[in-house]
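Just so it is clear, the model here is predicted, and its values are computed rather than measured. Convention: sequence-line order gives letters A, B, ...; per-chain numbering from 1.
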Amino acid sequence: METFQSILGESLSRALATAGVPAAGEVVPATDARFGDYQTNAALILAKQRGENPRALAQEIIDHLDVAEYAEQPTIAGAGFINFKLTAVAIARYAARLLQDDRLGVALTNNPRRIVIDFGSPNVAKPMHVGHIRSTVLGDALARIATFLGHEVIRDNHIGDWGTQFGMVIYGWKNLLDRDALEREPIAELVRIYKTTNELGTADPAVREACRQELVRLQTGDPENLRIWNECVALSMKEFEAAYQVLGIHYDIQRGESFYNDRLPDVVRRLLDSGLAERSEGAICVFFRDIPDLAERPCLIQKSDGGFNYATTDIATVDYRIKDLGADTVWIVTGAPQLLHFRQIFEIARREGYTADFRHITHGSILGEDRKLMKTRSGDNVPLGDLLREAVARAEKIVDEKNPELPPEEKNAIALTIGIGAVKYADLSQYRMTDYIFSWDRMLSFQGNTAPYLQNAYVRIRSIFRKLGAEFTAPNELVLTEPAELNLAKRLAQFAETVPQVLNDFRPNLLANYLFELANAFHAFYEACPVLKADEPARGTRLALSELTARVLQRGLGLLGIRVPEKM
RNA sequence: GCGCCCAUAGCUCAGCCGGAUAGAGCAACGGAUUUCUAAUCCGUCGGUCGCAGGUUCGAGUCCUGCUGGGCGCGCCA
């Protein structure tokens, strides 16, 4: 389905062509409802280029514009803006078509890509904590949206399952492990032995050396150390899976760092052979002498002791994703601190001749109420499991207050949907680069731009249809008269314009803001326009608008990885 | 020292390619409930868009410099 924006945009292009002026500007949603529904500044741009009077040029464009099927006669305003106001008939016709469209108007991309999305990436032998929320939730939402738009998406969990920390973990395992504790809380025990070993190593060089030896043995394939490592990985994966289960996260593949181990020597050899890498101070580095801000920031791909590091792994990961997985696009969703690293990795890929579209999608941090990185009272990272459990518990308490007569089992399910939805929405409704302050009260409020507010709009609609009793059959024709009806219908039509926009700059918050405005428009409609008590044709029209709103909310929240309850 | 990111209402935040009188929510205040979930809606109050220049018909948005905060910068990942 074409959107009003694209229809008007094409009309504008035709008008410019027939008026004999070059293409310029575009049709965008009006910045203010007072100006109508859509606007273009084409006349302003052309007038500037050609040194002409913008308002006169705008009039000339309008004389060639034919939008009567969709909009009232366009008007000129301000310095030379052309404003479009959709007709009620056109909006009603569009809404009627939306009812027949499973995609709710959202077009498939005409440039489908094969995209590897790397997100989440927790570390083995460490607990998942708040810091993992943003990457996980953001990456998942982008994956859902890209998939819906028709891209081929491969979701990859680049697990941190290799590295120097395993020297300490294995030393701790052999010398400090408490088997009972490992049974009860495996990750906590792994953290304990790691931390204790680290402390011992700080005080005692002999321990440090022993850890180094354990690491070397692991890397050279010692069976005992490999077995311990494998067990750590398995225990951690179990923990990750539990979190993903609660969060509703799915991965297509999980290629941890260790997966690339046997490819690392070739990476270094290849880069040396091609002259991209060179020896420097005992290590092997790639320099970027021709790029001013990277000139003094080489990328180390092999340490002077012969070991490889995460840059080596990430270069091997690029190879794998392009050559083995056949990706033409790679999105890596991690925090902003890794900006320099991925800039280097992408630059190396470019120098090696890769033409794929590499994007490092960064995000800010989650802060506590004190505006510092969110920590527990004792200064540790807040474990993700604890946080998710609290979200559900808080949601359950609210449901209990508002709707005590629901059966307990249903209450639990609703609390899960609301609690997890609130955590995800709090994150996704905000621009990804800004740090945000975590607040239970705000995210679980039913007022404002929150998941519960949106979910409640959906629930109210479901309630209408329960009361309706009979099966709803959409009318062939809608009749929009009330301002609240028109406003809601226009919002519904904008879904198709909003979803693709998210991927321009990886901003799911654009979709979240849209859904908030839709829910707002619905609630206003709900107050102003009785549905079931109305006479035909208003009743059928209002049922249809309600149905569409429910579908857009469900679909839109679904694209953010958030579910909707039937009751709450 | 160099680089990246951020700075918008009392608080939390929108504002993508430069567009019209900078918008929401919360808080505060005032209204609306014989009702399909008031879990909501309507209204009022609230601004030197960090500071100073520049580019132009037009700057929260682009450029330069500064201030403040966060992060990063060869053998951790």
Side-chain angles (χ1 to χ4, degrees), chain A residues 25-26 28 30-32 34-35 39 41 44-45 47-48 54 77-81 83 121 123 160 162-165 257 280-285 287 292-305 307-311 313-314 335-341 343 362 364-365 367 371-373 398-399 401-403 426 429-431 433-437 439 441-442 445-450 452-453 455-457 459-468 484 501-502 504-507 509-510 512-513 516-517 520 523-534 542 546 567-568:
Chain A
E26 56 189 332
V28 297
T31 52
D32 191 305
R34 286 186 303 254
F35 305 134
Q39 64 184 51
N41 59 1
L44 290 167
I45 293 169
K48 184 177 187 172
F81 295 93
N83 291 330
S121 310
N123 292 314
W162 201 253
T164 49
Q165 79 270 22
E257 291 168 349
S280 167
E281 297 174 30
I284 296 176
C285 306
F287 283 90
D293 23 310
L294 294 185
E296 290 177 22
R297 295 180 171 80
C299 177
L300 253 82
I301 59 170
Q302 187 168 13
K303 302 188 281 185
S304 50
D305 68 1
F308 305 106
N309 58 13
Y310 81 138
T313 304
D314 280 345
Q338 298 194 53
L339 269 164
L340 173 62
H341 168 69
R343 198 175 156 205
T362 56
S365 310
L367 308 181
R371 296 168 171 282
K372 292 183 179 158
L373 277 182
I398 295 169
V399 175
E401 282 168 16
K402 309 286 190 187
N403 223 337
S429 60
Q430 196 142 333
Y431 175 54
M433 283 305 293
T434 52
D435 294 344
Y436 82 89
I437 297 177
S439 162
D441 290 343
R442 265 203 304 278
S445 168
F446 285 79
Q447 298 166 345
N449 193 6
T450 66
Y453 176 83
Q455 288 167 329
N456 178 238
V459 164
R460 286 179 138 188
I461 297 169
R462 299 313 308 154
S463 180
I464 292 174
F465 283 96
R466 275 195 300 276
K467 281 246 159 82
L468 174 67
Q501 247 192 328
V502 171
N504 286 352
D505 192 34
F506 312 107
R507 292 181 188 235
N509 67 304
L510 294 179
N513 288 342
F516 172 62
E517 282 166 4
N520 221 315
H523 277 129
F525 159 84
Y526 183 92
E527 297 285 333
C529 304
V531 176
L532 295 174
K533 288 178 186 166
R542 289 172 185 179
S546 300
K567 297 176 186 172
M568 62 194 285

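- Set against B/C36, B/G74, B/C13, the side chain of A/S280 has B/G74 as its closest nucleotide.
- Taking only side-chain atoms of A/Y526, from C-beta outward, the nucleotide of B/C75, B/G19, B/C36 with the closest atom is B/C36.
- Residues satisfying the salt bridge (charged side-chain N to carboxylate O under 4.0 Å, His left out) criterion with A/D505, sequence neighbours excluded, are A/R432, A/R507.
- Applying the ring pair (Phe, Tyr, Trp, His ring centres under 6.0 Å) rule to A/F35 yields no partners; only residues at least two apart in sequence or on another chain are considered.
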Per-residue pairing states of RNA chain B in dot-bracket (Watson-Crick or G-U under 3.5 Å; . unpaired, | other strand) read (((((((..((((.....[...)))).(((((.......))))).....(((((..]....))))))))))))....

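- Contact annotation for A/K402: base contact, defined as any heavy-atom pair under 4.0 Å involving a base atom.
- When the nucleotides B/A77, B/A20, B/C75 are ranked by their closest atom to the side chain of A/N83, B/A20 comes out on top.
- The A/D293 side chain lies nearest to B/G3 when the options are B/G3, B/A20, B/A14.
- Among B/G74, B/A14, B/C36, the nucleotide with an atom closest to any side-chain atom of A/Q430 is B/A14.
- A/A534 meets the side chain to side chain contact (heavy atoms under 4.5 Å, CB included) test with A/A538, A/R539, A/R542; sequence neighbours excluded.
- With B/C16, B/C13, B/C5 as the candidates, the nucleotide lying closest to the side chain of A/Y436 is B/C13.
- Here the side chains of A/I461 and A/Y526 are not in contact, with every heavy-atom distance at 4.5 Å or above.
- Side chain A/T164 to base B/C76: no donor-acceptor pair is found below 3.5 Å.
- Per the stacking criterion (ring centres < 5.5 Å, plane angle < 30°), A/F81 stacks onto the base of B/A20.
- The closest side-chain heavy-atom distance from A/N456 to A/M568 is below 4.5 Å.
- Proximity note for A/Q447 (side chain, C-beta onward) versus B/C16, B/G74, B/C26: the nearest is B/C26.
- You'll find that the side chain of A/I464 is closest to B/C36, out of B/C16, B/C36, B/U35.
- The side chain of A/L510 lies closest to B/G15, out of B/G15, B/C41, B/U35.
- Scanning all heavy atoms of the two residues, the minimum distance from A/N513 to A/N449 falls at OD1-ND2, 3.4 Å.
- You cannot call A/Y453 stacked on the base of B/A39; the centres under 5.5 Å and planes under 30° rule is not satisfied.
- Among the nucleotides B/C5, B/A39, B/U35, the one closest to the side chain of A/N403 is B/A39.
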Atom pairs and distances, donor-acceptor, side-chain atoms in residues 296-304 of chain A, under 3.5 Å, two or more places apart:
| from | atom 1 | to | atom 2 | distance (Å) |
| --- | --- | --- | --- | --- |
| A/R297 | NH1 | A/D293 | O | 2.9 |
| A/Q302 | NE2 | A/G306 | O | 2.8 |

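- B/G30 takes the anti form, because its glycosidic angle lies more than 90° either side of 0.
- If you check every strand for non-hydrogen atoms under 4.0 Å, A/Q302 touches nothing.
- Closest non-hydrogen pair, A/S546 versus A/I464, comes out as OG-CD1, 4.3 Å.
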Which parts of nucleotides 58-73 of chain B does protein reach within less than 4.0 Å, heavy atoms only, written one letter per nucleotide 5' to 3' as B for base, S for sugar-phosphate only and - for none?
-> B------------SBB

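- In this structure the side chain of A/R442 never reaches within 4.5 angstrom of the side chain of A/Y436, judged on heavy atoms.
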